[in-house]
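Below is one structure; the comments refer to it alone.
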2 protein chains.
Amino acid sequence: MDIKVAVFEDNKSLRQGLYQLINGSDGFECVGAFEDCMNLIKDIEDTKPKVVLMDIEMPGINGIEAVNILRQKFPELKILMQTIFEDSDKIFKSILAGASGYILKTTSPSRILDFIKETCEGGAPMSPSVATKVLKIVTQQSPFLKVNSFNLSEREKEILSCLVKGMSYKLIADSCFISIDTVRGHIRSIYEKLHVHSKGEAIATAIKSNII
Amino acid sequence: MDIKVAVFEDNKSLRQGLYQLINGSDGFECVGAFEDCMNLIKDIEDTKPKVVLMDIEMPGINGIEAVNILRQKFPELKILMQTIFEDSDKIFKSILAGASGYILKTTSPSRILDFIKETCEGGAPMSPSVATKVLKIVTQQSPFLKVNSFNLSEREKEILSCLVKGMSYKLIADSCFISIDTVRGHIRSIYEKLHVHSKGEAIATAIKSNII
DNA sequence: CAAATAATAGCATGAATATGCTATTCCCGG
DNA sequence: CCGGGAATAGCATATTCATGCTATTATTTG
């Protein structure tokens, strides 16, 4: 079965180029190439694509808004965003809107087909330079840049992760095959190393510091 | 100039395979293939690679810890993580630690070389399935969707955030100017709404769900 | 080898927590 | 104006936790 693709792209020659690239390739079928999102819902309903190739920069309804609309109406639809700019903000907004992947327009035709295929299979293809931006977003957003500076032993990490799961001393003792007093002992050490004095604080610190 | 690559991989045949793949390809040079990270710093200082291919799962110092160490000592070094598992948590930790890219071991040899090249050029190559996980992490941890899906009242959220800070009932009572029994009352309701039965679980749920 | 550390285990005790009840007041929507 | 939820408050009690001690064994390391 061919992968049905719909293209939304305002630039005429690009649009036609993509149409021909997709239709001219085995395993792919371009069921529609539209210049704007004015009839977005209807276009999709009529052509029933599996994957949409969406330009981010478009007059009228822009690509990001379009993704938001499509996500609600057609949750199954995969959306591959395409852009000329490596703009962190647009990438971020596209991701939040629910785009499956994000590639640059400088991507070669054969790679574009690969990407469409990967999108269809549930992957999230991204141009490496886009991925760099995404990683930056992840690390910047995470207030937890400190990873295990607490020097916990393996056993202590194990016990701590049990605490995070909400287990009582008794349960931890049973699941780790040690006595409850040993559990106490480990938790003592954990508290010292984390500089806390209660289960709650330990759990909060553990999760926030990503040491679980 | 060839791209100098160092490999850290505990599996012998994989390690040798990578060594030969890299050395046998134009534009690449494998300056070292190590089975563990025991002499991590020295190995890098001696071989001066531009890119490191690092296995995540390794005995002794694991890949993620290794990345942390390398980031500090050699900020310029690019690190490409390799793993058999698509484990969100490990991917996330690798990213936080500062890995440049993340690929699966099922990646074909020619793609591995592409990925090394892209890493060297500042990109962040990822296997599409890994990228899917990363996108999920981004959307999940975005303070964007900080929706109160548990339907906690304002007061309850306030009490809950006190719990997360590690405060005792007594302290919460004082800081909120209510009696300790009222605190108990609120915490009862919180437990019901979060479907938990202990302070620890409540804190874990609160932090993980971003409802604080 | 001696010192240090991790993991194990025990005991005791005061403090904190979880949960079973009940009850009053205020405010909001039907 | 009545019912219901939210915030307040109280009491009782069993369970769990935090932390004060000590002690053995194995492994690591200087």
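So that the names make sense, note that chain A is the first sequence line, chain B the second, and so on, each numbered from 1.
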Checklist entry - CD of B:E192 versus C1' of C:dA18: gap in Å, rounded? => result 12 Å
Item to check | B:S189 and B:E192 side chains, donor-acceptor separation under 3.5 Å | outcome: no
Checklist entry - Among the nucleotides C:dT17, D:dA7, C:dA7, which one has an atom lying closest to any side-chain atom of B:K199? => result C:dT17
Item to check | Residue that, paired with A:I172, satisfies side chain to side chain contact (heavy atoms under 4.5 Å, CB included) out of A:I178, A:I180, A:V183 | outcome: A:V183
Item to check | Whole-Å gap separating P (D:dC17) and CD (B:E201) | outcome: 11 Å
Item to check | Length of the line joining B:I203:CD1 and D:dC17:P, which is rounded to integer Å | outcome: 13 Å
Checklist outcome for this item: In numerical order, the residues of residues 165-189 of chain B whose heavy atoms come under 4.0 Å of DNA chain C are B:S168, B:Y169, B:R184, B:R188
Checklist outcome for this item: Per-helix bend value, the helix from C:dC1-D:dG30 to C:dG30-D:dC1, C1' rotation axes over five pairs per end, 10° rounding, shows 60°
Item to check | Nearest-Å distance for atom pair NZ/C1', residues B:K157 and D:dA7 | outcome: 16 Å
Next on the checklist: Tell me whether B:K193 at atom NZ has more than 12 heavy atoms from other residues, nucleotides or ligands lying less than 6.0 Å away.
Outcome noted: yes
Item to check | Separation of atom NZ in A:K193 from atom C1' in D:dA18, rounded to whole Å | outcome: 18 Å
Checklist entry - Do you know which two heavy atoms are closest between B:M58 and B:C37, and how far apart they sit? => result CE-SG, 3.6 Å
Next on the checklist: Within the 3.5 Å criterion, strictly below it, is a donor on B:N23 or B:S25 matched to an acceptor on the partner's side chain?
Outcome noted: no
Checklist entry - Should we count NZ of B:K117 as having more than 12 external heavy atoms under 6.0 Å? => result no
Next on the checklist: Is there a side-chain contact between B:S198 and the phosphate of C:dT17, meaning an N or O under 4.0 Å from OP1 or OP2?
Outcome noted: no
Next on the checklist: By nearest atom, which of the nucleotides D:dA7, C:dA6, C:dA7 is closest to the A:E156 side chain?
Outcome noted: C:dA7
Checklist entry - Is any side-chain N or O of B:Y191 closer than 4.0 Å to OP1 or OP2 of C:dT19? => result no
Next on the checklist: Under the criterion salt bridge (Lys or Arg N to Asp or Glu O under 4.0 Å), I'd like the reasoning laid out for A:E154 against A:K157: C-alpha separation, chi angles, the key distance, then a yes or no.
Outcome noted: CA-CA 5 Å; A:E154 281 308 310; A:K157 277 191 258 182; 3.4 Å; yes
Checklist entry - B:H195 NE2 to C:dT19 C1': how many Å, rounded? => result 18 Å
Next on the checklist: Pair A:I44, A:F8 - check side-chain contact (heavy atoms from CB on, under 4.5 Å), show working.
Outcome noted: CA-CA 11 Å; A:I44 299 294; A:F8 289 83; 4.0 Å; yes
Checklist entry - What is the distance from CG of B:L163 to C1' of C:dT17, rounded to the nearest Å? => result 11 Å
Next on the checklist: I need the CD-P distance between A:E158 and C:dA7, as an integer number of Å.
Outcome noted: 10 Å
Item to check | Salt-bridge present (B:D10, B:R15; N to O < 4.0 Å) | outcome: no
